[in-house]
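Have a look at the structure below, then the notes.
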Amino acid sequence: MKLETRNLTLITSLFAIVLAMTLTAFAQQPLTAPQAITDPTKLQSKTVADMQTFSIEKLYMTRMIGDSTWSPDGKQIAFISNISGRNNLWLVPATGGWPTQLTISDQRQTQPVWSPDGTWIAFISDHDGDEQWDIFLVSPKSGDVVNLTTSPESAEEDPTWSPDGRQLAYITKSKTGSTFEIELMDVATRHVCHLTKNTPKELSNWKPIFSRDGKFLVFTQSHASGKDSNIFVLDLASGESTNLTQHEGEHTYEADAISPDGKTVLMTADAHNGYDNVGLLDIANKKIDWLTAEKWRLRAGTFSPDGKSLTWTANVDGDTGIYLYDVANRRADALPLKPGVNSLGGNPLPYSRDGSKLSYYHNGADAPSDVWVYDIASKQSQQVTHSLVAGLNSADMVEPYLVHYPSRDGKWTLSALAYVPNNIQRNGKFPAIVYIHGGPAAQTVNSFNRFVQYIVNQGYLVIAPNYRGSTGYGKEFTDANRGDAGGGELHDVLDAAQWIEKSGFVDPKKLIVMGGSYGGYLSMMAVTKAPDMWAAGVPIVPFVNWATEIANEDPLLREYDLATMGDPVKNKALYDDRSPINFVDRIKAPLLLLAGGNDPRCPHEEAQQVADAVKKRGGSVQLKIYENEGHGFARVENQIDAYQRVSDFLKVHVPSPGCGCSIYE
């Protein structure tokens with residue numbers, strides 16, 4: 001697990017290039033993608049006959065598929081889904097078929113992992129989005145559920161079985177603490193051993209991985225800033241740990257898997273060339289064999305059960321492919337998968353136990369995430385889950401354009417996804433939404449977005465920029481907003497609006513800014529720092545006041561913010577200037593704010609501050625707090641309510657001539 005800061009995962013989609021299907025001497029044939037500046041007048045509206053009109057309810061009744069895990073015998077896959085309206089655990093045959101609900105709970109569940117002997121599936125669950133996770137066990141045969149940790153004042157996450165199935169390693173953090181430690185529990189006796197302790201408050205320990213013989217584990221220790229991390233090996237008999245990646249400067253090293261012979265760690269690191277690449281770390285001599293040297297974002301996967309192959313993924317400008325690497329021949333082959341975001345499934349391994357199959361998730365502009373199984377011998381994929389239900393026609397959905405535009409300071413060529421509604425004219429009359437992802441260390445990618453598909457279907461253009469500070473474009477780009485939150489990145493957002501204005505479709509008086517989490521913060525910065533640009537603003541789970549945010553947020557996120565913004569006393573002028581609450585008097589656009597009552601990352605009081613201040617000065621503002629939600633909305637009825645509110649709000653304040661619908665329908 002990595003610190004994800006405020007990433008609400010408000011992400012979107014496009015496929016730009018076809019990756020070479022076979023790469024031998026991988027580093028000598030770099031992945032490439034065109035980055036020439038895009039002419040906005042080249043955007044086109046597709047003509048679609050008898051196009052279906054989408055509804056919020058239908059789009060949000062498409063199923064969401066979460067984490068998954070193989071059964072030890074390879075016959076079943078357990079996965080998280082909201083088929084019932086809640087994110088619970090389901091079982092499905094590995095060959096596909098009708099899923100069976102295993103857990104029934106009003107609370108969300110995630111991170112399932114099957115025990116090696118098949119007796120239990122471990123998973124985590126919190127209460128109404130508060131992120132105070134407990135670890136549970138469920139019997140895949142009887143459905144009986146046991147809470148292992150029962151600790152409302154701390155969070156336990158990332159359960160990992162020992163090879164003999166008798167113990168669980170996991171990470172834990174107290175509600176008032178900023179550091180994740182690693183613990184080891186004997187499942188039968190509930191006895192807990194503290195594997196790490198007294199870790200400094202600015203550091204945390206993540207992702208414990210057992211060696212196959214169960215004698216040691218490796219883990220990653222990262223700085224709260226997200227800029228620096230190391231890989232440690234921990235001997236379970238002595239309790240001693242050793243840093244395998246001591247280095248100068250700031251670099252991230254993350255452990256992903258241990259080879260079956262226990263000699264090598266498969267890792268992801270940015271130390272080779274400033275971009276995330278894949279390497280093999282020799283535990284004995286601490287030397288690294290770099291398998292890739294790309295200037296995109298690659299992420300290591302796992303070894304196959306026999307250790308003869310391994311996996312990684314490659315994110316090229318928001319489109320992700322999966323690779324199989326033959327260790328002996330040093331050959332990488334890209335799986336022949338559909339365009340979109342393809343990511344490795346399974347926990348802890350995407351491989352079936354016999355190594356013949358590989359589970360993965362496919363997610364594309366017109367396809368919600370689903371579990372698929374790839375047969376390595378036949379090179380064929382089979383879809384296991386089926387999310388796109390509710391009578392929706394994927395052919396009527398819009399695939400975005402991958403576009404690039406220059407930053408105003410000349411430092412960057414910025415990437416964005418631009419969605420153009422079908423069947424509209426280039427007449428300068430349509431509204432456009434600048435849709436800002438959270439994080440900030442996150443990325444707009446080529447994935448399915450229910451609200452974007454709905455609102456584009458209603459006649460709104462959308463542009464979703466990857467502003468400086470986003471991931472996917474190297475360490476320098478991700479670090480470019482450090483100490484400058486709401487500065488250069490805000491200019492990148494404003495420039496995205498100006499770029500799509502020039503397409504010929506957009507009415508400059510009908511620009512809308514919308515985003516969640518950090519994207520909600522930037523939405524508030526936009527309506528306060530550039531108030532004349534916007535016809536409406538929709539900040540979702542935002543923060544708006546650096547002083548109150550740091551005082552009230554989760555302590556781990558507080559450490560991240562302090563590392564990013566610097567000392568609040570020395571940098572008081574910066575804190576004040578980059579807090580949109582201080583400039584509410586400038587707002588001209590009507591606002592709709594949505595928040596979660598139990599949000600530990602951006603507490604609902606942040607949105608409340610805005611609503612109170614705008615109302616006091618007679619402005620137009622609506623606020624809805626979902627009391628049983630956290631940072632984002634997990635319950636289907638709340639998702640439908642929230643985005644129906646957004647739709648109604650936009651159709652009243654910034655109607656589209658291409659909508660062809662009514663809020664009273």
Side-chain angles (χ1 to χ4, degrees), residues 10-12 14 16 33-43 317-318 400-420 428 430-445 452 460-474 476-482 484-515 518-539 577-578 580 583 586 588-589:
L10 290 175
I11 53 177
T12 47
L14 174 82
Q35 291 196 67
I37 301 303
T38 309
D39 181 352
T41 64
K42 299 299 183 181
L43 297 181
D317 223 351
Y401 289 86
L402 175 62
V403 303
H404 299 94
Y405 62 97
S407 63
R408 65 178 64 180
D409 58 12
K411 292 182 178 180
W412 310 104
T413 296
L414 301 165
S415 170
L417 298 179
Y419 296 76
V420 181
F430 289 86
I433 299 173
V434 181
Y435 195 79
I436 312 173
H437 70 68
Q443 185 184 7
T444 292
V445 296
V452 168
Y460 293 74
L461 284 82
V462 172
I463 186 166
N466 282 313
Y467 51 87
R468 70 192 71 189
S470 301
T471 55
Y473 304 95
E476 185 181 1
F477 188 78
T478 300
D479 292 346
N481 65 348
R482 305 281 182 172
D484 187 39
E489 61 191 6
L490 176 61
H491 294 156
D492 299 341
V493 168
L494 302 181
D495 291 346
Q498 293 174 347
W499 184 90
I500 204 162
E501 270 187 39
K502 299 173 184 176
S503 66
F505 291 105
V506 176
D507 182 341
K509 296 181 180 179
K510 289 187 174 183
L511 290 175
I512 301 155
V513 64
M514 174 179 177
Y518 196 85
Y521 163 71
L522 284 179
S523 297
M524 284 302 306
M525 286 294 293
V527 297
T528 54
K529 294 290 188 175
D532 294 323
M533 284 187 66
W534 308 105
V538 186
D577 181 64
R578 304 301 166 81
F583 307 98
R586 299 181 182 179
K588 297 181 179 180

**OP:** Drop me the distance from D492's CG to Y405's OH, to the nearest 0.5 angstrom.
**Re:** 5.5 Å
Original post:
Do the side chains of P406 and W412 get nearer than 4.5 Å, heavy atoms only?
Top reply: no
Original post:
Would you say the side chain of V506 lies within less than 4.5 Å of the side chain of P431, judging by non-hydrogen atoms?
Top reply: no
Subject >> For Y521 against P580, the heavy-atom pair lying closest together >> reply: CE1-CD, 3.6 Å
**OP:** Begin with the C-alpha distance, continue with both residues' side-chain angles, and end with the deciding distance and a verdict on side-chain contact (heavy atoms from CB on, under 4.5 Å) for W534 and I512.
**Re:** CA-CA 6 Å; W534 308 105; I512 301 155; 5.6 Å; no
Original post:
Residues two or more places apart in sequence or in another chain: which of them pass side chain to side chain contact (heavy atoms under 4.5 Å, CB included) with T471?
Top reply: R297, A441, Q443, T478
**OP:** Give the minimum heavy-atom separation between P539 and G520, together with the two atoms involved.
**Re:** CB-O, 3.7 Å
**OP:** Mind checking salt bridge (charged side-chain N to carboxylate O under 4.0 Å, His left out) for D39 and listing every partner two or more places apart, or none if nothing turns up?
**Re:** none
Subject >> From F430 atom CZ to Y460 atom OH, the distance as rounded to the nearest 0.5 Å >> reply: 11.0 Å
Original post:
Should the pair D479-R468 be classified as a salt bridge under the 4.0 Å nitrogen-to-oxygen rule?
Top reply: no
**OP:** Grab the two heavy atoms, one from S523 and one from G515, that are nearest each other, plus how far apart they are.
**Re:** OG-N, 3.2 Å
Original post:
Can you check whether M514 reaches V462 side chain to side chain, under 4.5 Å on heavy atoms?
Top reply: no
**OP:** For F583, enumerate each residue passing the ring-ring contact (aromatic ring centres under 6.0 Å, His included) test, keeping only those at least two apart in sequence or located in another chain.
**Re:** none
**OP:** Check the pair Y467 / H437 against ring-ring contact (aromatic ring centres under 6.0 Å, His included), numbers first and verdict last.
**Re:** CA-CA 9 Å; Y467 51 87; H437 70 68; 4.5 Å; yes
**OP:** Measure the spacing between CG of L414 and OG1 of T38 and express it to the nearest 0.5 Å.
**Re:** 11.0 Å
Subject >> Qualifying residues under salt bridge (charged side-chain N to carboxylate O under 4.0 Å, His left out), relative to R408, sequence neighbours excluded >> reply: D495
Original post:
Would you find a donor on one side and an acceptor on the other, under 3.5 Å apart, between the side chain of D484 and the backbone of G488?
Top reply: yes
Original post:
If we only count heavy atoms from C-beta on, is the I500 to V434 side-chain gap below 4.5 Å?
Top reply: no
Subject >> Side-chain heavy-atom pair L417, Y401 within 4.5 angstrom cut-off >> reply: no
Original post:
Where do V513 and V538 land on the side-chain contact (heavy atoms from CB on, under 4.5 Å) test, with the steps shown first?
Top reply: CA-CA 6 Å; V513 64; V538 186; over 6 Å; no
**OP:** Could you tell me the separation between the CD atom of Q498 and the CE atom of M533, rounded to the nearest 0.5 Å?
**Re:** 5.0 Å
Original post:
Can you tell me how far OH of Y419 sits from OH of Y435, rounded to the nearest 0.5 angstrom?
Top reply: 9.0 Å
Subject >> Residue list, salt bridge (charged side-chain N to carboxylate O under 4.0 Å, His left out) with K588, at least two apart or on another chain >> reply: D532
Original post:
If you round to the nearest 0.5 Å, how far is CG of L522 from CD1 of I436?
Top reply: 5.0 Å
Subject >> K411 side chain reached by F477 side chain, heavy atoms, under 4.5 Å >> reply: no
Subject >> Residue pairs fulfilling side chain to side chain donor-acceptor pair (under 3.5 Å) with at least one residue in residues 500-510, sequence neighbours excluded >> reply: none
**OP:** Go through the side-chain N and O atoms of S415 and D317 and say whether any donor and acceptor fall under 3.5 Å apart.
**Re:** yes
Original post:
Side chains of E489 and M525: does their closest heavy-atom pair fall under 4.5 Å?
Top reply: no
Original post:
Between W499 and L494, is any pair of side-chain heavy atoms under 4.5 Å apart?
Top reply: no
**OP:** Taking all heavy atoms of A416 and all of I463, pick out the closest pair and write down the distance.
**Re:** CB-CG1, 3.9 Å
